[in-house]
Protein chains: 2
Amino acid sequence: MEIIAEKKKAILESTLKLIKENGFHGTPMSLVAKKAGVAAGTIYHYFDSKDTLIMELFEYTQFRLQQAMLKNLREDMDFKEGFFLRWTSRYHFFIQNPDVLFFIEQFVNSPYFPRCPQERNERIQNEIKQFIGIGKEQGVFRDLDQNLMSIMVHSSIITAAKIQIDGKLVLGENEISQLAQMMWDSIRKQ
Amino acid sequence: MEIIAEKKKAILESTLKLIKENGFHGTPMSLVAKKAGVAAGTIYHYFDSKDTLIMELFEYTQFRLQQAMLKNLREDMDFKEGFFLRWTSRYHFFIQNPDVLFFIEQFVNSPYFPRCPQERNERIQNEIKQFIGIGKEQGVFRDLDQNLMSIMVHSSIITAAKIQIDGKLVLGENEISQLAQMMWDSIRKQ
DNA sequence: CACCACCGAATGAACGTTCATAACAAAGAA
DNA sequence: TTCTTTGTTATGAACGTTCATTCGGTGGTG
């Protein structure tokens with residue numbers, strides 16, 4: 001991803017926050033412009049339309065998520081540790097960036113999502129998918145499609161993060177590690 | 001839920017389908033009216049506004065989901081069977097009603113959802129939650145918040161159904177029961 | 001008659017997008 | 001240096017369209 005012009009970034013960040021609060025509906029371009037501190041027309045200097053703004057925003061959030069992931073990885077940990085680290089660091093990213101979580105969830109359930117090129121969608125998924133693939137080869141994990149297992153793990157993270165952010169439940173360190181343990185137990189060979 | 005007037009039902013069903021295809025954005029009231037075979041004004045005979053139409057549609061789908069659940073339950077099955085039945089019958093409901101699945105997913109991730117009264121949201125969750133509660137008392141399940149466990153189970157069902165409907169993976173009977181098994185293993189005491 | 005479900009053209013506000021214009025910088029030309 | 005040109009970035013009022021909602025009217029029923 002190229003270095004993003006300051007105003008372009010401001011537009012993306014504003015859109016992110018507004019969509020979290022008001023949904024796709026409720027965020028007119030005029031509001032985006034206002035919040036970003038630019039004129040309405042400026043948005044169209046950087047983006048062809050509202051649709052492409054939203055599509056690019058999705059890529060932007062995927063990029064940020066991936067960045068956050070890679071930071072925490074070490075090579076020298078055992079397999080189970082690796083799994084726990086992946087689970088918890090993704091979880092914490094979403095906790096720290098609730099607007100990203102909400103935007104992604106709205107996006108993937110909207111008609112925008114099917115219009116994205118497949119490979120883009122799955123890039124983020126890949127790191128976990130490969131990891132699970134290795135575990136499968138080593139006979140640690142179930143003999144089940146790795147796409148399936150990785151998506152189940154992914155969805156458990158999303159779900160836990162949403163509950164925490166909504167404030168429906170307060171998850172302490174103990175609960176977090178129990179959840180990671182749950183998912184570990186679900187995919188490992190029994 | 002009262003017996004629903006025929007036209008009202010037609011309006012609800014049309015909205016459901018249109019929202020699945022076009023999202024909240026893309027479904028103007030005029031289209032809803034056309035698809036339902038009623039005049040635009042008629043919608044306002046049954047619903048105060050587009051917002052309340054969507055809110056009521058959510059309740060309507062929850063109702064249908066609950067109906068489908070209750071149909072399959074028997075008292076005389078053992079605990080694990082009961083879990084599997086719950087998991088798979090919910091799964092199959094979503095597979096058979098993809099528009100409901102997509103609508104619910106869009107709805108719960110939109111700003112509409114937080115505006116629903118809590119008890120309404122959780123009514124559906126309750127049956128599974130109570131079931132898990134019993135399992136916990138009997139020492140079959142983990143010692144972890146039952147809300148948390150039930151939501152994790154719920155999200156696994158949603159996720160599996162979405163993958164299947166998207167056609168990303170084809171899940172046969174074998175995969176389905178493996179998934180249910182996965183979730184069973186995740187919440188049971190190890 | 002009164003009441004009701006229903007119709008659909010009309011209304012007015014909201015919104016995405018355009019465009020004429022300006023500010024500014026970098027790069028020659030004199 | 002100073003002037004001119006060219007390109008990029010930014011502006012915000014104006015436009016045309018879309019859309020939720022309204023309302024006067026129609027036909028059927030009790």
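Naming: A, B, ... by sequence-line order, numbering from 1 per chain.
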Using whole Å, what does the distance between atom [atom2] of nucleotide [N] and atom [atom1] of [X] come to?
X	N	atom1	atom2	value
H45(A)	dT9(D)	NE2	C1'	5 Å
E6(B)	dC4(C)	CD	P	20 Å
Y46(B)	dC4(C)	OH	P	13 Å
K8(B)	dC6(C)	NZ	C1'	16 Å
H25(B)	dA20(D)	NE2	C1'	15 Å
N22(A)	dA14(C)	CG	P	15 Å
I43(A)	dT9(D)	CD1	C1'	14 Å

Determine whether [X] and [Y] make a side-chain contact, defined as any pair of heavy atoms from C-beta on separated by less than 4.5 Å.
X	Y	result
Q138(A)	I134(A)	yes
Q146(A)	F141(A)	no
F93(B)	M69(B)	no

Can you list every pair that meets side chain to side chain donor-acceptor pair (under 3.5 Å) and has a residue in residues 107-117 of chain B, with sequence neighbours left out?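 For residues 107-117 of chain B: K162(A)-N109(B), D51(B)-Y112(B), D51(B)-R115(B).
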
Base, sugar-phosphate, or nothing: which does F47(B) touch, judged by heavy atoms less than 4.0 Å apart?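 No contact.
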
Which class fits the ring pair W87(A) and Y91(A): parallel under 30°, tilted 30 to 60°, perpendicular over 60°?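 Ring orientation, 0 to 90° scale: parallel.
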
Using 30° and 60° as the class limits, which term best fits the ring planes of F79(B) and F131(B): parallel, tilted or perpendicular?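 F79(B) and F131(B): parallel rings.
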
Would you call E127(A) and R86(A) a salt bridge, using N to O less than 4.0 angstrom?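 Yes, charged N to carboxylate O under 4.0 Å.
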
Give the nucleotide from the list dC7(C), dT11(D), dC19(D) with an atom nearest to the side chain of P28(B).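 It is dC19(D).
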
Take the C1' atoms of the five end pairs on each side of the helix from dC1(C)-dG30(D) to dA30(C)-dT1(D), get both axes, and report the angle to 10 degrees.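 Roughly 10°, once rounded to the nearest ten degrees.
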
Does K9(B) count as lying over the ring of Y60(B), i.e. NZ or CZ under 6.0 Å from the six-ring centre, within 45 degrees of the axis?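 Pair K9(B)/Y60(B) does not count as cation-pi.
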
May I ask you to evaluate whether K34(B) reaches the phosphate of dC19(D), defined as a side-chain N or O under 4.0 Å from OP1 or OP2?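 For dC19(D), neither OP1 nor OP2 has a side-chain N or O of K34(B) closer than 4.0 Å.
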
Going 5' to 3' along nucleotides 21-30 of chain D, which nucleotides have protein heavy atoms under 4.0 Å from the base (write B), which only from the sugar-phosphate (write S), and which from neither (write -)? BB--------

